[in-house]
Amino acid sequence: MYWDHKYYKHSGMIGFMGILCLVFLGVPATVFLSIIYSYAIFYIPFVYINLFLTIGCGAAVGYMVSKCAKLGKIRNNTFLLITGFGFGL
């Protein structure tokens, strides 16, 4: 029953506005970040800086997916995991 949970549990809902937010905010932000990342990797010859750029770009994409999910009220963790992985690729 619903009241059997002692603590808060996500409902698992994926709203239409959440998907629109991911498509219209997340995809352009990911494309923009990937363009900056590719130019930086091409023109910066230092391996350690490239490592930090890779970590930073991944963190920025994850942050964008997180903000879009919060804005669109997406409460399904599995969907967000798959979406974040897809955007990261």
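The structure presented is a predicted model; accordingly, all values stated were derived computationally and were not measured. Hydrogens, waters and symmetry mates play no part in the numbers below; they use all other heavy atoms, side chains included. Throughout, residue positions are numbered sequentially from 1 according to the sequence presented.
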A.B. asks: Could you check T54, I41, I44 and say which one makes a side chain to side chain contact (heavy atoms under 4.5 Å, CB included) with I49?
C.D. replies: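 Testing each of T54, I41, I44 against I49, the sole residue satisfying side chain to side chain contact (heavy atoms under 4.5 Å, CB included) is I44.
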A.B. asks: Check the hydrophobic clustering (I, L, V, M, F, W, Y; side-chain heavy atoms under 4.5 Å; chains of links allowed) and say if L25 and V65 are grouped together.
C.D. replies: no
A.B. asks: Out of curiosity, R75 CZ to L80 CG, how far, rounded to the nearest 0.5 Å?
C.D. replies: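 The CG atom of L80 is 11.0 Å from CZ of R75, to the nearest 0.5 Å.
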A.B. asks: Can you name the nearest heavy-atom pair linking N76 to T78, along with the distance?
C.D. replies: OD1-N, 3.2 Å
A.B. asks: Do L51 and V47 come close enough that some side-chain heavy atom pair is under 4.5 Å?
C.D. replies: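 A side-chain contact under 4.5 Å is absent here.
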A.B. asks: Please report the interatomic distance CZ(F87) to OG1(T30), rounded to the nearest 0.5 Å.
C.D. replies: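 Here the interatomic distance stands at 5.0 Å.
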A.B. asks: Which residues pass the side chain to side chain contact (heavy atoms under 4.5 Å, CB included) test with I35, not counting sequence neighbours?
C.D. replies: V31, Y39
A.B. asks: Is it the case that one hydrophobic cluster holds both I36 and V27, taking links as side-chain heavy atoms less than 4.5 Å apart, direct or via other members?
C.D. replies: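 No: no chain of side-chain contacts under 4.5 Å links I36 to V27.
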A.B. asks: Can you tell me how far OH of Y63 sits from SG of C68, rounded to the nearest 0.5 angstrom?
C.D. replies: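 Answer for the SG-OH pair, C68 versus Y63, is 10.5 Å.
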A.B. asks: Could you give the distance from OH (Y43) to CG (N50), rounded to the nearest 0.5 Å?
C.D. replies: 14.0 Å
A.B. asks: As an exercise, state the distance from OG of S38 to CG of L53, rounded to the nearest 0.5 Å.
C.D. replies: 11.0 Å
A.B. asks: I need the minimum non-hydrogen distance between L33 and A60, along with the two atoms involved.
C.D. replies: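 Looks like CD1-CB, 3.6 Å.
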A.B. asks: In the single-linkage hydrophobic clustering (I, L, V, M, F, W, Y; side-chain heavy atoms under 4.5 Å), do V61 and I19 co-cluster?
C.D. replies: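 Linked within one cluster.
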A.B. asks: Quick one: list whatever passes side chain to side chain donor-acceptor pair (under 3.5 Å) with S34, sequence neighbours left out.
C.D. replies: none
A.B. asks: Give the cluster check for L22 versus I14: same hydrophobic cluster or not, with ILVMFWY residues linked at side-chain heavy-atom distances below 4.5 Å.
C.D. replies: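 As far as the 4.5 Å side-chain criterion goes, I14 and L22 are connected within one cluster.
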A.B. asks: Side chains of L20 and V23, heavy atoms from C-beta outward: is any pair under 4.5 Å?
C.D. replies: no
